[in-house]
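Here is the structure we will look at, set down as structure tokens.
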Amino acid sequence: MKIITKMKLQLTAMLILTIVMSLLIGLTPVINKKKISEHFYDYIKNDRINNLVIKDAKGAIIYDGGFSKDELTRESTFHVVGDLNGSLPSSLLSTYLSNDANISLLDGYHSEQHTINLTIDLDMQKAAYKLLKSSGVNGTLFVADYNTGEVKTMVSTPSVDVKSKKKAADKAYLNKAAQAYTPGSVFKAIAVGALLEKSQSYQSLTFNCTGKYEEVSCSSAHGTVTLEEALYKSCNCGIAKFVSEHLTPEELNSFAKKAGVKSTDLMVDYPVKAGEVDANDSIRWSSDGQSKDLVTPVTIASYYGAIANNGRRQTFYYQKSNAKTSAKRIMEFRTSLFLKNALTKGMTNWYSTRFNCSCFGKTGTAETGRGTDHAWFVCSLTDTKAPTYVVVLMLEDGGSSTNAIKMTARFVNNTILGG
Ligand SMILES: [Zn+2]
């Protein structure tokens, strides 16, 4: 009996060993497409990529094998990180999962951790999300360093909670920072840039605004304005007159293109939607950012960042591994200086809202043709005590730009300078 029992035990042990061995052979990571996709879907089901860690600029954890337990972290970073369903094709996780080179990490048999370091500041990201959410309107807040190209904040509302069982509305999946909208008066700095790139002599142009010029109108008569005043007082008639008299539609289109309006690669690791400008339709309204003009908030940040950076555009990036150091000149230094001075006067003379550092900026109230307006505000910080950031706030159907300035000032003062 004892011998039989011993034999049985040996057989059982051999059987177990055989099963274990065959399992091990079967589970050895084999790089083939079928296996990869099986593993891929297994991990999507469990909502985890065990070995992947995503950290913010200061090392704070955004993703650690799975999504954060903190709802604010998840919702505020959704349009940067994305989800495991590929709902946001431009997002970090979607592009990461579509790269075969990263697939072996998904099999779970690699013990080494793979960390992706972002340039995004999680504290700023959360503060921007809370600010937008409390505003009662939807929009986007985008912040980047115009010297280095690092994206610090990219928030869009409404957002998506990846842990929620309830499917979010389709529009929540759009990253508004990378979508194109009617820019309104924030476009005027592009129109003036186009004029000065043709001839610096246009700096001395003047015009008497009576509140109406051809098909264009101002809410009230601005009186005699120089080119500089037409820009910072946002005189539609003045800008329309100067541009239509001295530029052809092709010349305005061409500079707008150089300014990045139609570019999709202003961020190296996040494609933005190509905007539009067609000055042939109405060069006057087009110079004021209406007509067929469509521009993304990232493009506006890129252009106003270039003004602050003495005419050189830095390509944006949000993953540290994509750092680029070369900037491209898109306008003469003299043009950038003129725009910077004019838009600084706009801040000190025109807007009563207080920013706790020197900066230049521009408002935009863009008529959408649907009876609503997009509210824009863009500013570049130029204070030696402040980081070299460009900040763009766009409130979709958000009404007057006054609210956009106030919200931006709160963000700059409390979060960027106070954080
Ligand atoms: Zn006017």
Side-chain angles (χ1 to χ4, degrees), residues 181-249 251-252 255-256 259 277-279 281-293 295 300 303-304 307 335 338-353 360-369 371-379 394 398-405:
Y181 298 90
T182 306
S185 295
V186 292
F187 188 86
K188 286 189 174 105
I190 295 178
V192 173
L195 273 168
L196 297 179
E197 287 296 282
K198 187 172 180 186
S199 170
Q200 295 292 326
S201 69
Y202 297 148
Q203 286 193 21
S204 58
L205 292 172
T206 58
F207 170 71
N208 183 24
C209 170
T210 58
K212 182 89 185 133
Y213 173 70
E214 301 290 342
E215 72 269 37
V216 171
S217 56
C218 289
S219 54
S220 60
H222 285 99
T224 301
V225 285
T226 60
L227 179 67
E228 184 180 70
E229 287 166 339
L231 176 58
Y232 76 74
K233 292 182 179 179
S234 216
C235 174
N236 292 338
C237 298
I239 297 292
K241 157 90 175 171
F242 298 142
V243 170
S244 62
E245 241 181 40
H246 299 284
L247 296 182
T248 63
E251 284 170 328
L252 180 58
F255 183 75
V277 60
D278 181 5
D281 195 51
S282 162
I283 187 166
R284 297 182 190 92
W285 271 130
S286 190
S287 65
D288 289 325
Q290 293 290 157
S291 188
K292 290 184 173 171
D293 297 357
V295 184
I300 291 299
Y303 184 73
Y304 280 76
I307 296 170
T335 302
F338 178 92
L339 293 171
K340 200 187 292 182
N341 287 339
L343 296 167
T344 302
K345 282 183 187 168
M347 294 300 298
T348 50
N349 296 351
W350 207 246
Y351 309 129
S352 55
T353 304
F360 67 83
K362 184 80 194 77
T363 52
T365 305
E367 293 169 25
T368 60
T372 56
D373 299 333
H374 299 322
W376 290 78
F377 187 70
V378 49
C379 70
M394 194 282 300
S400 157
S401 54
T402 310
N403 195 30
I405 307 177

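Whatever order the structure lists ligands and atoms in, that order sets their numbers, starting from 1. For the numbers below, each heavy atom of this structure counts, side chains included, while hydrogens, waters and symmetry mates do not.
In this structure, the side chains of Tyr303 and Leu339 come closer than 4.5 Å at one or more pairs of heavy atoms.
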When you look at Ser286 and Val277, which way does the side chain to side chain contact (heavy atoms under 4.5 Å, CB included) test go after all the steps? CA-CA 7 Å; Ser286 190; Val277 60; 3.6 Å; yes
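Applying the side-chain hydrogen bond (donor to acceptor under 3.5 Å, both in side chains) test between Ser282 and each of Glu215, Glu214, Gln290 identifies Glu215 as the sole match.
For Glu251, the side-chain contact (heavy atoms from CB on, under 4.5 Å) partners two or more places apart in sequence, or in a different chain, are Lys198, Leu247, Thr248.
Around the Zn ion (ligand 1), the protein contributes the following N, O or S atoms under 2.8 Å, ordered by chain and number: Cys209 SG, Cys218 SG, His222 ND1, Cys235 SG.
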Could you list the donor-acceptor pairs under 3.5 angstrom formed between side-chain atoms of residues 181-191 and any protein atom two or more places apart in sequence or on another chain?
residue : atom : partner : partner atom : Å
Ser185  : OG   : Lys188  : NZ           : 2.8
Ser185  : OG   : Ser234  : OG           : 3.1
Lys188  : NZ   : Ser234  : O            : 3.4
Lys188  : NZ   : Ser234  : OG           : 3.0
Lys188  : NZ   : Asn236  : OD1          : 2.7

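Legend: ring-ring contact (aromatic ring centres under 6.0 Å, His included) pairs involving residues 225-248, not counting sequence neighbours, sorted by first then second residue: Tyr202-His246.
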